[in-house]
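Everything numeric in this text was worked out from a predicted model, so none of it was measured. In what follows, chains carry the letters A, B, and so on, assigned in the order in which the sequence lines appear, proteins first and then strands, with residues in each chain numbered from 1.
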Amino acid sequence: MVEKKHANIFKCLELKGKQRYSNSEMQFFFFSFSSAEGYFYFQFPTSDFKLFSYLWPEILFVKIMERRVRVRFAPSPTGPLHMGGVRTALFNYLFAKKHGGDFLLRIEDTDQNRYVPGAEDYIIESLKWCGLVPDEGVGFGGEYGPYRQSERKVMYKQYADFLIENGFAYYAFDTAEELNSLRKEAEANKHVFSYDLHTRNNLKNSLTLSPEEVLERLQTGEHYVIRFKMPENRDIIEEDLIRGRVSFNTNQLDDKVLFKSDGMPTYHLANVVDDHLMKITHVIRGEEWLSSMPLHILLYESLGWSETRPYFSHLPLILKPEGKGKLSKRDGDKMGFPVFPLLWKDPETGEYSRGYREDGYFPEAFINMLALLGWNSGTEQEFFSIEELIEAFDLSRVVKSGARFDPEKAKWFNRHYLHQKSALELAEQFKPELVDKGIEVDGNKLEIIVSKIKDRCEFVKDLWSQSHYFFVAPESYDEKTIKAKWKADTGEKLLTIATFLETIEEWKAETIKELFSAFMASKEWGFGAVMVPIRLALVGASTGPDLFEILELVGQQECIRRIEIAVELLK
RNA sequence: GGCCCGUUCGUCUAGGGGUUAGGACGCAAGAUUUUCAUUCUUGUAGCAGGGGUUCGAAUCCCCUACGGGCUACCA
């Protein structure tokens, strides 16, 4: 029975095995594939293929039965969600959906000092706008809750205690002031103070104090933290699904605080405990976490969870369009593009930060742009629907280096999506703006107008600037065009034309064009001399679709009126 | 300072020992449109530097430079 299953698995393997990495020692083959039972990822050395294929089925069988792909997006509610955060959520979402798994939203609010009201709702609303709807999490239900770490507070202590009991962690009583002064001192000597295996024996902790004293300090309620006791001289080697082999030596790592004196766990403990309890199979997060990966691996090991611990992958950061460093709120303000998905009002300063939604981006354009920032399908395809992204997504095709954000390309994506939309749909979105301006238009006519101008727009908000003359007479005329095209006899010619237009009975673009051409021929006037001036009179500038279509849509009497006004004003 | 990660056109990227180094954005030119935009065509521009290994290196190795991350009782 088991054998039969293996046959299927091997078939799957042949189909999906595709990724080859090389590193300094030998070549490895990596396989990742999903089946009805779940997702599996593993590696083996080329030379050992026969041996491995003989040995591995059982291991694989166990893993497959146990693990359904589960990933989480775990932001901290310290402010609006950055577009880099949205991209992290997106990649998690794509990965989950690709492998038929679950995408969870967990709110990491273990730092009460940095809590910003409204941030959590903002995160949820942002994900919804982007279409990245979690299967479980804060605001979405699920069986592994609560999904807000502050509400899980009571659960963490036992794991910290377990670590202490088993010698993986210890109590530390050093005050913030003491540590700060040690840091200052080290800085003065051009060193950096680190609470680690070199210094912990000279500090106030349960490693240096007698058991009695430790007990007494605990009983008198003295403030303490629990620190991880980083083991000595161990090489932690891990295959990051994006970056390949990454290695660390524990001698370089410090004893991180796991449990704070306020009774809350730090990110490291809470993260590992929750990922374990929520059965997370793949941790996909930003590069800023790469350095703490060895700590997390060691935590899984110390807690006895190595067998089921997740795979790690660290996403590159999004960098500023110009200059140094990662993309920040300031860049957006300075260069005029949004950094956040939605408009955000800072609850403290009242300051606004623009959002992609409010700036007129379509969520699908925003997502498409974000997906291509640091990932590509390996083909030349650039436009992807969310379904296509899910189908094509693969962590191994995520680029390792940071990507500079290009606002121009973001606009280009939006333009593309706008052009793809039907005039009807765009007209619907345009209507509220017209109503606001007190303009009433017949739906059919509006759709026709939109169809004429949508290709010249980048955003829905451009619809007005490209079509206002269909609804309202121009209030001014473009100076350059006047200079170039408005000659001494232009006014007179236009009045003659106005009189002629009055005589047209069927006010249709085609008919007008036909009769107009005949009229021009009879007068022996060149088109060039009058076309632009007429356009100027109707539109106010030298832009817009075919002039005869404008004539038709603006209406006979209104056209004549506008020509007369222009002639009067431009005398 | 220490540790870790990275580096192909201005930007996003493909390519992973033999390629005229491919595509996209941007920019420029041309065509179409007697306007402007769209669209189409063409052009523009790149393997960070230095050593190795090799018949042959953008590709593998080492060094340097540069960029980034971390180095909090922040995440």
Looking only at N and O atoms, is any donor in the side chain of A:R243 or the base of B:C5 less than 3.5 Å from an acceptor on the other one? no
Taking only the C1' atom of each, what is the distance from B:G22 to B:C63 in whole angstrom? 31 Å
Counting only Watson-Crick pairs (N1-N3 plus N6-O4 or O6-N4) and G-U wobbles (N1-O2, O6-N3), all under 3.5 Å, who is the partner of B:A14? none
Under 3.5 Å, N/O pairs linking protein and nucleotides 8-10 of chain B:
none

Between NZ of A:K256 and P of B:C74 the distance, given in whole Å, is 11 Å
Hey, which sits more toward the 5' end of RNA chain B by its nearest nucleotide, A:D455 or A:G374? A:G374
Which atom pairs link the protein and nucleotides 65-67 of chain B when you take only N or O atoms and keep those under 3.5 Å?
| from | atom 1 | to | atom 2 | distance (Å) |
| --- | --- | --- | --- | --- |
| B:G67 | OP1 | A:K324 | NZ | 2.6 |

ring-ring contact (aromatic ring centres under 6.0 Å, His included) pairs, two or more places apart, involving residues 244-277 of chain A: A:Y267-A:W289, A:Y267-A:H296, A:H268-A:H296, A:H276-A:W305
As its Watson-Crick or G-U partner within any shown strand, both distances under 3.5 Å, B:A48 has B:U64
Please state how far atom CE in A:M369 lies from atom P in B:A24, giving the value in whole angstrom units. 20 Å
Find the distance A:R72:CZ to B:A75:C1' and express it as a whole number of Å. 12 Å
Check the surroundings of atom CD in A:E322: do more than 12 heavy atoms from other residues, nucleotides or ligands lie under 6.0 Å from it? no
State whether A:R183 places a side-chain N or O below 4.0 Å from either non-bridging phosphate oxygen (OP1 or OP2) of B:G1. no
Picking from B:A14, B:C5, B:G1, the nucleotide nearest the side-chain atoms of A:R397 would be B:A14
Rounding to the closest angstrom, what is the interatomic distance between B:C27 and B:U11 at atom P? 16 Å
Exceeds 12 heavy-atom contacts within 6.0 angstrom, atom CD of A:E388: yes
Do the side chain of A:S422 and the main chain of A:E425 share a donor and acceptor less than 3.5 angstrom apart? yes
Test side-chain contact (heavy atoms from CB on, under 4.5 Å) on A:F73 and A:T88; report intermediate values, then the result. CA-CA 7 Å; A:F73 175 55; A:T88 304; 4.1 Å; yes
Select base, sugar-phosphate, or nothing to describe what A:P545 touches, counting heavy atoms under 4.0 Å on all strands. base
Closest approach to the side chain of A:T110, judged atom by atom: which nucleotide of B:U13, B:A75, B:G1 is it? B:A75
Rounded to whole Å, the CG-P distance (A:L253 to B:C5) equals 12 Å
What residue pairs, at least two apart or across chains, pass ring-ring contact (aromatic ring centres under 6.0 Å, His included) with a residue in residues 532-553 of chain A? A:F516-A:F548
Going by atom types alone, do A:N376 and A:R397 pair a side-chain donor with an acceptor below 3.5 Å? yes
Looking only at atom P, what distance separates B:A29 and B:G52, rounded to whole Å? 46 Å
With salt bridge (Lys or Arg N to Asp or Glu O under 4.0 Å) as the rule and sequence neighbours excluded, what pairs involving residues 513-531 of chain A come up? none
Nearest whole angstrom, please: distance from the C1' of B:A37 to the CD1 of A:I550. 12 Å
Between B:U71 and B:C12, how far apart are the C1' atoms? Round to whole Å, please. 31 Å
Given atom NE2 of A:H416 and atom P of B:G26, what is their separation to the nearest angstrom? 13 Å
Quick one: the side chain of A:K409 and the base of B:A24, do they pair up donor-acceptor inside 3.5 Å? yes
Closer to the 5' end of RNA chain B via nearest nucleotide, is it A:M531 or A:K260? A:M531
Please state the C1' separation for the pair B:A14 and B:U59 - nearest whole angstrom. 13 Å
I'd like the C1' distance from B:A45 over to B:C62, given in whole Å. 31 Å
Hunt down the Watson-Crick or G-U wobble partner of B:C73, both distances under 3.5 Å, from any strand shown, or write none. none
Round to a whole Å and report the spacing from CD of A:Q466 to P of B:U38. 10 Å
Can you tell me which residue among A:F366, A:F384, A:F459, A:F383 is in a ring-ring contact (aromatic ring centres under 6.0 Å, His included) with A:F413? A:F383
Which is it for A:E287 and A:K326 under the salt bridge (Lys or Arg N to Asp or Glu O under 4.0 Å) test, yes or no, and what are the steps along the way? CA-CA 11 Å; A:E287 193 183 358; A:K326 61 177 174 180; over 6 Å; no
Pair listing, salt bridge (Lys or Arg N to Asp or Glu O under 4.0 Å) test, anchored in residues 258-274 of chain A, at least two apart: A:R106-A:D274, A:R152-A:D274
Between A:S247 and A:D235, do the side chains contain an N or O donor and an N or O acceptor separated by less than 3.5 Å? no
With a 3.5 angstrom cut-off on both distances, give the Watson-Crick or G-U wobble partner of B:A28, or none if there isn't one. B:U42
Side-chain-base donor-acceptor pair under 3.5 Å for A:S291 and B:C70: no
Work out how far the P atom of B:A48 is from that of B:U8, and round it to whole angstrom. 6 Å
Rounded to whole angstrom units, what separation is found between the CZ atom of A:F193 and the P atom of B:C70? 20 Å
I'd like the C1' distance from B:C55 over to B:U44, given in whole Å. 35 Å
Nearest to the side chain of A:L290 - B:C4, B:A75, B:U13? B:C4
Give A:V399 one of three labels, base, sugar-phosphate or nothing, depending on what nucleic acid heavy atoms sit under 4.0 Å from its own. sugar-phosphate
